[in-house]
Enquirer: 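Before I ask anything, let me first share the structure, which is written out below as structure tokens.
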Number of protein chains: 2
Amino acid sequence: MFSIGALSRHTGVKVPTIRYYEQMGLMCAPERTEGNQRRYGRAERERLGFIKHARDLGFSIEAISALIELNDHPDRSCAEASEIAAYQLSSVRKKIASLTRLESELSRISDGCSGNGIADECYVLASLADHARCETDH
Amino acid sequence: MFSIGALSRHTGVKVPTIRYYEQMGLMCAPERTEGNQRRYGRAERERLGFIKHARDLGFSIEAISALIELNDHPDRSCAEASEIAAYQLSSVRKKIASLTRLESELSRISDGCSGNGIADECYVLASLADHARCETDH
DNA sequence: CCTTGAACCTCTAGTGACTAGAGCAACTAG
DNA sequence: CTAGTTGCTCTAGTCACTAGAGGTTCAAGG
């Protein structure tokens, strides 16, 4: 049995965030001491670890709720869990693709402007003003 | 002279977003008709284009404010603009690196679970529950 | 000139996933 | 027993919008 602070240290999830998860229904309301303080056990620590891991992987609170729901009903869960993970994977890949495009444009912009300009026109500002200078689209 | 709707069509920025930018001080308050409707000119269209482009590149409203500020004071602007762009670039690179790590873990998880399981344990759920199965850290 | 319907106006509130702060109560180490 | 840390609830703030209510103005067709 440990306090919310201890749980926080064990999992790396901040105290107010744990309370937030409880409010959102991701974590069940735990036991309380006589003095109304939360007390957690091993099962809760594991659950919070699951949530933390999924959040780190970019799953939304909603998606995590669905995954937990599936976990509690192990029949037909695997296919749906796979679907959620696949969706997550595709959205991560989209983000990577778009950030990679941005990276190439930003580095082009950054290189163009040496920072101590002979130029009376700043390349950074000009590039941002004029989309036509982009080599990629977005 | 065009309306907010026309400006929206020209730039691809939604109407409520244009009003929001005005409220935030990114766009100046434009002229109005007698009936109190906004009317924009070429300069405003260009400015909004600048803002749109910078937002698409992930610059925050605050950073864009700073860039516009620099644009209005062309002395010593280039170095500072470069700095803002470089900061932006490094944060984009960090995001790419972390998403790439997530991608490899997610695809590993997805591959592990065929979706129509012989397994009585779902690999997706198990992987999320057990961080120790990760090959990368996060 | 008049009507109709789209586009416009302001204002408030909601989104997601927290984070910060106020003001108070309870636990724990010395 | 007391001091200091940790806990409690509640409200409000963050960012960059987005949605909706309830009302006004504009432009085109008749």
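Here the structure is a predicted model, which is why all the values come from computation and not from measurement. In what follows, every chain begins at residue 1, and chains take the letters A, B, ... in the order their sequences are listed.
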Enquirer: Between A/R55 and B/S3, which residue's closest nucleotide on DNA chain C lies nearer the 5′ terminus?
Expert: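 Between the two, 5'-proximity favours B/S3.
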Enquirer: Go nucleotide by nucleotide along DNA chain D from the 5' end; which of B/E34 and A/Q23 gets its closest nucleotide reached first?
Expert: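 Closer to the 5' end of DNA chain D: A/Q23.
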Enquirer: For A/R32 and C/dA26, is the shortest distance between a side-chain N/O and OP1 or OP2 below 4.0 Å?
Expert: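 It does not, given that no N or O in the side chain of A/R32 lies less than 4.0 Å from OP1 or OP2 of C/dA26.
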Enquirer: Please check if the number of heavy atoms outside B/R32 that lie under 6.0 Å from its CZ is greater than 12.
Expert: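 Yes, because the 6.0 Å sphere around CZ of B/R32 holds more than 12 heavy atoms from other groups.
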Enquirer: How close or far is atom P of C/dC27 from atom CD of A/Q37, stated in whole angstroms?
Expert: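 Taking atom P of C/dC27 as the reference, CD of A/Q37 is at 5 Å.
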Enquirer: Please report the shortest heavy-atom distance between A/E44 and A/G41, naming the atom on each side.
Expert: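 For A/E44 and A/G41, the tightest heavy-atom pair comes out as OE1-N, 3.0 Å.
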Enquirer: Once rounded to the nearest 0.5 Å, what's the spacing between atom OG1 of B/T17 and atom CD of B/E22?
Expert: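 Taking OG1 in B/T17 and CD in B/E22, the distance rounds to 13.0 Å.
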Enquirer: Looking only at the side chain of A/T33 (C-beta and beyond, no hydrogens), which of the listed nucleotides C/dT10, C/dC18, C/dC27 gets closest?
Expert: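 Of the candidates, C/dC27 comes closest.
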Enquirer: Please tell me which of A/Y20 and B/Y40 maps to the more 5' nucleotide of DNA chain C, matching each residue to the nucleotide holding its nearest heavy atom.
Expert: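 Taking each residue's closest nucleotide, the earlier one in sequence belongs to B/Y40.
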Enquirer: Distance check needed: C/dC18 C1' versus A/I61 CD1, whole Å only.
Expert: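 Answer to the nearest Å: 9 Å.
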Enquirer: For a quick check of understanding: with a heavy-atom distance under 4.0 Å over all strands, which category does B/Y21 fall into, base, sugar-phosphate or nothing?
Expert: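 Touches sugar-phosphate only.
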Enquirer: With a 4.0 Å cut-off on heavy atoms, is B/R38 in touch with a base, just the backbone sugar-phosphate, or nothing at all?
Expert: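 Answer is sugar-phosphate: B/R38 comes under 4.0 Å of backbone atoms only.
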Enquirer: Without decimals, in angstroms, what is the distance between B/I4 CD1 and C/dA7 P?
Expert: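 Rounding to the nearest Å, CD1 of B/I4 and P of C/dA7 are 13 Å apart.
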Enquirer: What is the distance from CE of A/M24 to P of C/dA17, rounded to the nearest Å?
Expert: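 Distance check: A/M24 CE to C/dA17 P gives 10 Å.
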Enquirer: Identify the two heavy atoms, one from B/T11 and one from B/K52, that lie closest to each other, and give their separation to 0.1 Å.
Expert: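 Between these two residues, the closest heavy atoms are O-CE, 3.5 Å.
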Enquirer: Earliest and latest nucleotide of DNA chain D, 5' to 3', sitting under 4.0 Å from a non-hydrogen atom of chain B?
Expert: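 In short, chain B contacts DNA chain D from D/dA16 to D/dC26.
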Enquirer: Is A/I61 close to A/Y21 at the side-chain level, that is, under 4.5 Å between some pair of heavy atoms?
Expert: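 A side-chain contact exists here, since the closest heavy-atom pair is under 4.5 Å.
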Enquirer: Using whole Å, what does the distance between atom P of nucleotide C/dC18 and atom CD of A/E22 come to?
Expert: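 A/E22 atom CD is separated from C/dC18 atom P by 15 Å.
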Enquirer: Hey, which sits more toward the 5' end of DNA chain D by its nearest nucleotide, B/R39 or B/S60?
Expert: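 Upstream on the strand: B/S60.
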Enquirer: Output the rounded distance in Å from NZ (B/K14) to C1' (C/dC8).
Expert: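 Distance check: B/K14 NZ to C/dC8 C1' gives 18 Å.
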Enquirer: Could you report the tightest heavy-atom contact between B/A66 and B/I84, atom names first, then the distance?
Expert: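 Between these two residues, the closest heavy atoms are CB-CD1, 3.9 Å.
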Enquirer: Restricting to non-hydrogen atoms, name the atom on A/L26 and the atom on A/S65 that form the minimum distance, rounded to 0.1 Å.
Expert: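 Shortest heavy-atom contact: CD2-OG, 3.5 Å.
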